[in-house]
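Worksheet: the structure to be examined is printed underneath.
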There are 2 protein chains.
Amino acid sequence: MSNKNVFLKKYFLMTRSEENYLKTIFHLGGGDAKSITTNAIAEQMETKPSSVTDMAKKLSEKGLVDYVRYQGVSLTDVGVKTALSIIRKHRLWEVFLVKKLDFTWDEVHEVAEQLEHIKSEKLIDKLDELLEFPKHDPHGDPIPTKDGKFQERDEKLLSEMPINSQGVCVGVKDSSVPFLKFLDKNKIALGNTIKVLDKEDFDNSLRIQMDGKEMRISHQIAANLYVKKND
Amino acid sequence: MSNKNVFLKKYFLMTRSEENYLKTIFHLGGGDAKSITTNAIAEQMETKPSSVTDMAKKLSEKGLVDYVRYQGVSLTDVGVKTALSIIRKHRLWEVFLVKKLDFTWDEVHEVAEQLEHIKSEKLIDKLDELLEFPKHDPHGDPIPTKDGKFQERDEKLLSEMPINSQGVCVGVKDSSVPFLKFLDKNKIALGNTIKVLDKEDFDNSLRIQMDGKEMRISHQIAANLYVKKND
DNA sequence: ATCTATTTTTAGATTTGTCTAAATTTAATT
DNA sequence: AATTAAATTTAGACAAATCTAAAAATAGAT
């Protein structure tokens, strides 16, 4: 192997496992220099803290995280960029699965978890183009641009909307299969306009109007729906 | 882990490495009960014979190959079916890359080598549908059906065509990047009609007519182009 | 039929990513 | 400040997939 390839191997080629750790650390908030504990990572990834420690050392040596023993890890700038590129791939593949292959939004995650590790810059650029540069994935999560920029949305949780305000449903906070299936069953979909009619003090449930119909939803549901407020 | 999953793990979940071995054995001809030597597999996969021996034992335990020490391996029926499903995935992804993402035929192999290992039956069925059930990949190789059937074509090598016969170019035997680039440069593409005008005894080169133009091609080129003969 | 060259396998080591159990450090409480 | 509970790391082990070097089996040639 040439010197050049040794360089590439050490600094750019990432294993699937390394990529999964970076993604998890990012999602746990370790991008803002916040330090994430090994325990938190282990719990999220359903692995053991000792395994996380090992990987933390490895990622630290590669310059992808800052790691201080007993203090946890945070992503470096390179680490954030790398995490964003994996998240970009994951979300673009999710859009592909829904738009081109008729997957439902509760089916895409598992397959995208595999597809996100495919290595080909051209593949992802062309996929982006085929999908006409989508800004959000099927759950409403923003798709980072090629150079790692997010467009943050002016959105809030439905549970935080004042009475009589209304907005468009733009995303879900919880994208677990049961929650998504629940939304389907109740005909709650992204794009729907929702108006908050009333709040019940007792259990924080909401009475809402959606597509002309009235319904009652629990606080737990409302706290997992993002709404873009119509001013 | 439940008993059911133990069963699934042992008999159906294949590692990437196992899948690559099965594919190689199939391509070396080990599907017709022919026994393939460990050396041949090692050479093809650029690995060591001792590694092949280890994997042969593993695949044999899983019932995917028949393995006799010092005699080589051949695929069982299950092994053939599994190999075909991987080849099916590889070739469908190649078609996708060319038809939907504008890849050239010399760029697809490397990416398809990764994509072929994605596990999702629905994904591949839907991809097949999106591509309108293609029968051949961009190099003219047949795509096995879902139930593992090939449609063999009535094709022969251009080098074996008699003088004055003509046919349509339907595939390449060698699908290496240099050969494909050479064909592009010389405007030789699948679908072109080729007529054999003359053969040179000295070096076995051919004088051909293609799209009205005459050209001379070496034996090595002609021996790597499949032609469907017009009767 | 024996010998020899080649092929193939075995044995033991390595790397990656994981685990368990024990040891260490930190943080909370008195 | 000392003690203790919780979090974290270390040490040692394991499985998968590979390698090298040595041993064993096969096949070809005399």
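Because the structure is a prediction, the values reported are computed rather than measured. Residue numbering restarts at 1 for every chain, and letters A, B, ... go by the order of the sequence lines.
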Any ring pair (Phe, Tyr, Trp, His ring centres under 6.0 Å) involving residues 99-122 of chain B? Give me the pairs, sequence neighbours left out, ordered by first then second residue.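 Passing the test, one end in residues 99-122 of chain B: B:His90-B:His109.
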Mark yes when over 12 heavy atoms from residues, nucleotides or ligands other than A:Lys81 sit less than 6.0 Å from its NZ; otherwise mark no. no
Can you figure out which of D:dT9, C:dT9, D:dT18 approaches the side chain of B:Tyr21 most closely?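 Closest nucleotide to the B:Tyr21 side chain: D:dT18.
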How many Å lie between [atom1] on [X] and [atom2] on [N], as a whole number?
X: A:Tyr67; N: D:dT9; atom1: OH; atom2: C1'; answer: 6 Å
X: A:Leu13; N: C:dT16; atom1: CG; atom2: P; answer: 13 Å
X: B:Glu43; N: C:dT7; atom1: CD; atom2: C1'; answer: 13 Å
X: A:Leu59; N: C:dT16; atom1: CG; atom2: P; answer: 13 Å
X: B:Arg16; N: D:dT18; atom1: CZ; atom2: P; answer: 12 Å

Which heavy atom of B:Thr145 sits nearest a heavy atom of B:Asp147, and at what distance? OG1-OD1, 2.9 Å
Produce the list of close N/O pairs, under 3.5 Å, pairing protein atoms with atoms of nucleotides 19-21 of chain C; give distances to one decimal.
| from | atom 1 | to | atom 2 | distance (Å) |
| --- | --- | --- | --- | --- |
| C:dC19 | OP2 | A:Thr47 | OG1 | 2.5 |
| C:dC19 | OP2 | A:Lys48 | N | 3.2 |
| C:dC19 | OP2 | A:Ser51 | OG | 2.5 |
| C:dT20 | O4 | A:Ser50 | OG | 3.1 |

All salt bridge (Lys or Arg N to Asp or Glu O under 4.0 Å) counterparts of A:Lys173, not counting sequence neighbours: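 With sequence neighbours excluded, A:Lys173 shows a salt bridge (Lys or Arg N to Asp or Glu O under 4.0 Å) to no residue whatsoever.
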Between B:Glu94 and B:His139, is any side-chain donor less than 3.5 angstrom from a side-chain acceptor? yes
Under a 4.0 Å N-O cut-off, is there an ion pair linking A:Arg91 with A:Glu116? no
Closer than 4.0 angstrom, basic N to acidic O: yes or no for A:Arg16 and A:Glu113?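 No.
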Report yes if a side-chain nitrogen or oxygen of A:Ser17 is closer than 4.0 Å to either non-bridging phosphate oxygen (OP1 or OP2) of C:dT18; otherwise report no.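 The answer is yes; a side-chain N or O of A:Ser17 sits under 4.0 Å from OP1 or OP2.
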N/O (side chain, B:Asn39) to phosphate O (OP1/OP2, C:dT8) under 4.0 Å: yes
Using residues 39-57 of chain A as the side-chain source, report each donor-acceptor pair under 3.5 Å to any protein atom, sequence neighbours left out, with the distance given to one decimal.
| from | atom 1 | to | atom 2 | distance (Å) |
| --- | --- | --- | --- | --- |
| A:Thr53 | OG1 | A:Pro49 | O | 3.2 |

List, with names and distances, any nitrogen or oxygen atoms from the protein found under 3.5 Å away from nitrogen or oxygen atoms belonging to nucleotides 23-28 of chain C.
| from | atom 1 | to | atom 2 | distance (Å) |
| --- | --- | --- | --- | --- |
| C:dT25 | O4' | A:Tyr70 | OH | 3.4 |

Could you tell me which residues satisfy ring pair (Phe, Tyr, Trp, His ring centres under 6.0 Å) with A:Phe96, sequence neighbours excluded, listed by chain and number?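 Once residues adjacent in sequence are excluded, the partners of A:Phe96 under the ring pair (Phe, Tyr, Trp, His ring centres under 6.0 Å) criterion are A:Trp93, B:Phe96.
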